[in-house]
Amino acid sequence: MHKTLIPIFDLDDTLYCEHDYVRSGFKSVANFIASKNHTTDAELIYKSFINVWLSHGRGKVFDIVCENLSIPFDIAKLVQVYREHQPKLELYDDAKEVLSYFNTKKIPMGLITDGNLTMQWRKIKSLKLDKLIDVIIVTDDLGFEYWKPNAAPYKKAAQELNVPIEKCVYIGDNPNKDFVTAKKLGMHTIRIVRPVGDHAKTRLNKTYEADKEMYSLIELLEKWS
């Protein structure tokens with residue numbers, strides 16, 4: 001791997017900590033509930049969200065907390081508030097440094113991310129990635145069926161970057177879906193392993209794992225310097 005490759009990044013838990021977004025969303029929903037139901041304290045609701053999330057995962061947080069606290073809210077509305085809130089997010093320090101380096105060296109970059117399109121674009125705007133990265137593919141813009149590991153977003157990113165797909169390297173964190181198709185298409189792949197994240201401890205067979213592992217994006221600079 002060398003500096004002629006074009007980097008294409010994943011977003012969540014690759015360039016920033018997704019748990020920061022979850023906490024931000026829970027805070028917005030807690031404030032929304034408290035503003036409509038003045039008998040319930042926003043901080044109590046927020047802490048309840050966090051506790052249920054840590055013990056049960058994200059899937060039914062609003063259902064469980066609303067039932068436990070006897071909060072009569074339409075769950076679909078709370079999901080909407082969560083998805084449409086304006087997050088305040090920060091890139092990981094190593095991501096800031098690496099993106100700045102690639103921009104300084106005028107190395108084009110791409111980004112491919114799954115997730116609800118409203119949520120993903122609000123994350124991207126909050127992180128100012130639309131100002132830093134040349135080609136951004138939110139797979140939900142294409143349709144749910146085009147989420148990773150579908151080949152379409154990888155091909156689209158390479159096409160929009162105007163480079164052969166084998167000259168790209170995909171950098172992500174989730175071996176369940178990030179690398180298997182990228183490798184089949186001839187892309188190079190790197191897994192960034194963060195100490196915190198939904199996939200930090202996931203280990204799969206070599207078909208699904210990346211060609212290389214890194215524990216900091218700073219390691220990328222050795223390849224392009």
Side-chain angles (χ1 to χ4, degrees), residues 1-20 89-115 120 123-124 127 129 132-139 146-225:
M1 193 178 302
H2 51 79
K3 59 187 178 182
T4 61
L5 292 178
I6 301 302
I8 301 175
F9 295 94
D10 171 52
L11 176 59
D12 300 311
D13 289 329
T14 297
L15 297 180
Y16 85 104
C17 180
E18 190 185 9
H19 288 182
D20 290 346
L89 304 172
E90 287 285 334
L91 293 167
Y92 284 122
D93 287 341
D94 59 347
K96 288 180 186 176
E97 186 169 341
V98 165
L99 296 181
S100 174
Y101 176 86
F102 285 152
N103 274 307
T104 300
K105 296 294 183 181
K106 305 213 180 304
I107 297 170
M109 292 177 282
L111 184 147
I112 301 172
T113 178
D114 287 344
Q120 298 311 100
K123 294 172 185 176
I124 288 162
L127 294 164
L129 291 173
L132 299 172
I133 293 180
D134 305 88
V135 171
I136 295 175
I137 308 292
V138 174
T139 57
Y146 294 105
W147 287 28
K148 296 177 288 185
N150 190 287
Y154 299 97
K155 292 178 179 179
K156 183 175 174 63
Q159 181 180 27
E160 292 192 12
L161 286 162
N162 198 30
V163 291
I165 205 160
E166 63 271 14
K167 291 292 186 181
C168 299
V169 53
Y170 192 69
I171 303 146
D173 72 301
N174 183 357
N176 291 299
K177 62 179 181 177
D178 282 348
F179 314 117
V180 58
T181 300
K183 291 199 297 183
K184 286 178 183 175
L185 293 171
M187 273 189 180
H188 302 260
T189 54
I190 296 173
R191 179 178 177 183
I192 179 74
V193 181
R194 300 289 187 186
V196 176
D198 291 343
H199 310 290
K201 296 180 180 178
T202 303
R203 286 291 182 273
L204 302 178
N205 66 47
K206 65 180 183 180
T207 301
Y208 288 88
E209 291 288 355
D211 302 316
K212 296 180 182 294
E213 272 191 10
M214 294 181 177
Y215 290 83
S216 169
L217 292 176
I218 299 300
E219 295 177 54
L220 291 174
L221 301 186
E222 299 170 11
K223 310 296 181 184
W224 273 271
S225 58

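Just so we're clear, the structure is a prediction, and the values are computed from it rather than from any experiment.
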Shortest non-hydrogen contact between [X] and [Y], atoms and distance:
X	Y	result
Ile190	Phe179	O-CE2, 3.3 Å
Ala151	Thr181	CA-CG2, 3.6 Å
Lys177	Pro149	O-CB, 3.7 Å
Pro7	Ile171	CB-CD1, 3.9 Å
Lys155	Leu185	CE-CD2, 3.7 Å
Tyr92	Thr14	CD1-O, 3.7 Å

Tell me whether [X] contacts the main-chain N or O of [Y] through its side chain, where contact means a donor paired with an acceptor under 3.5 Å.
X	Y	answer
Lys148	Tyr154	no
Arg194	Ala200	no
Glu90	Tyr16	no
Thr113	Asp10	no
Asp13	Glu18	yes
Thr189	Asp211	yes
Asp173	Ile192	no

Can you tell me if CG on Asn162 sees more than 12 non-hydrogen neighbours from other groups inside 6.0 Å? no
Evaluate whether atom OH of Tyr146 has more than 12 neighbouring non-hydrogen atoms of other residues, nucleotides or ligands under 6.0 angstrom away. no
Measure the shortest side-chain to side-chain distance between [X] and [Y] over non-hydrogen atoms and say whether it is less than 4.5 angstrom.
X	Y	result
Leu91	Leu129	yes
Ile218	Glu97	yes
Asp114	Asp12	no
Pro108	Val135	no

Start with the C-alpha distance between Thr202 and Asn176, add both sets of side-chain angles, then the distance that settles side chain to side chain contact (heavy atoms under 4.5 Å, CB included), and finish with yes or no. CA-CA 8 Å; Thr202 303; Asn176 291 299; 4.1 Å; yes
What verdict does the side chain to side chain contact (heavy atoms under 4.5 Å, CB included) test give for Ile8 and Ile137, after you've listed the backbone C-alpha separation in whole Å, the side-chain angles of each residue and the deciding distance to 0.1 Å? CA-CA 10 Å; Ile8 301 175; Ile137 308 292; over 6 Å; no
Inter-residue atom distance [X].[atom1] - [Y].[atom2], 0.5 Å rounding:
X	Y	atom1	atom2	value
Ile124	Leu15	CD1	CG	10.0 Å
Ile165	Lys184	CD1	NZ	13.5 Å
Lys183	His188	NZ	NE2	12.5 Å
Leu111	Ile133	CG	CD1	4.5 Å
Lys105	Leu221	NZ	CG	10.5 Å
Met187	Glu166	CE	CD	10.0 Å

Quick one: sort the Phe102 and Phe9 rings into parallel, tilted or perpendicular, breaks at 30° and 60°. tilted
Basic-acidic side-chain contact under 4.0 Å: Glu213, Arg203: yes
Verify whether one side chain among [X] and [Y] offers a donor that lies under 3.5 Å from an acceptor in the other.
X	Y	value
His19	Asp198	yes
Gln159	Lys156	no
His199	Asn174	yes

Check the pair Leu220, Val169 against side chain to side chain contact (heavy atoms under 4.5 Å, CB included), reporting the backbone distance first and the verdict last. CA-CA 11 Å; Leu220 291 174; Val169 53; over 6 Å; no
Evaluate the criterion side chain to side chain contact (heavy atoms under 4.5 Å, CB included) for residue pair Val138 and Lys123; output intermediate values, then yes/no. CA-CA 11 Å; Val138 174; Lys123 294 172 185 176; over 6 Å; no
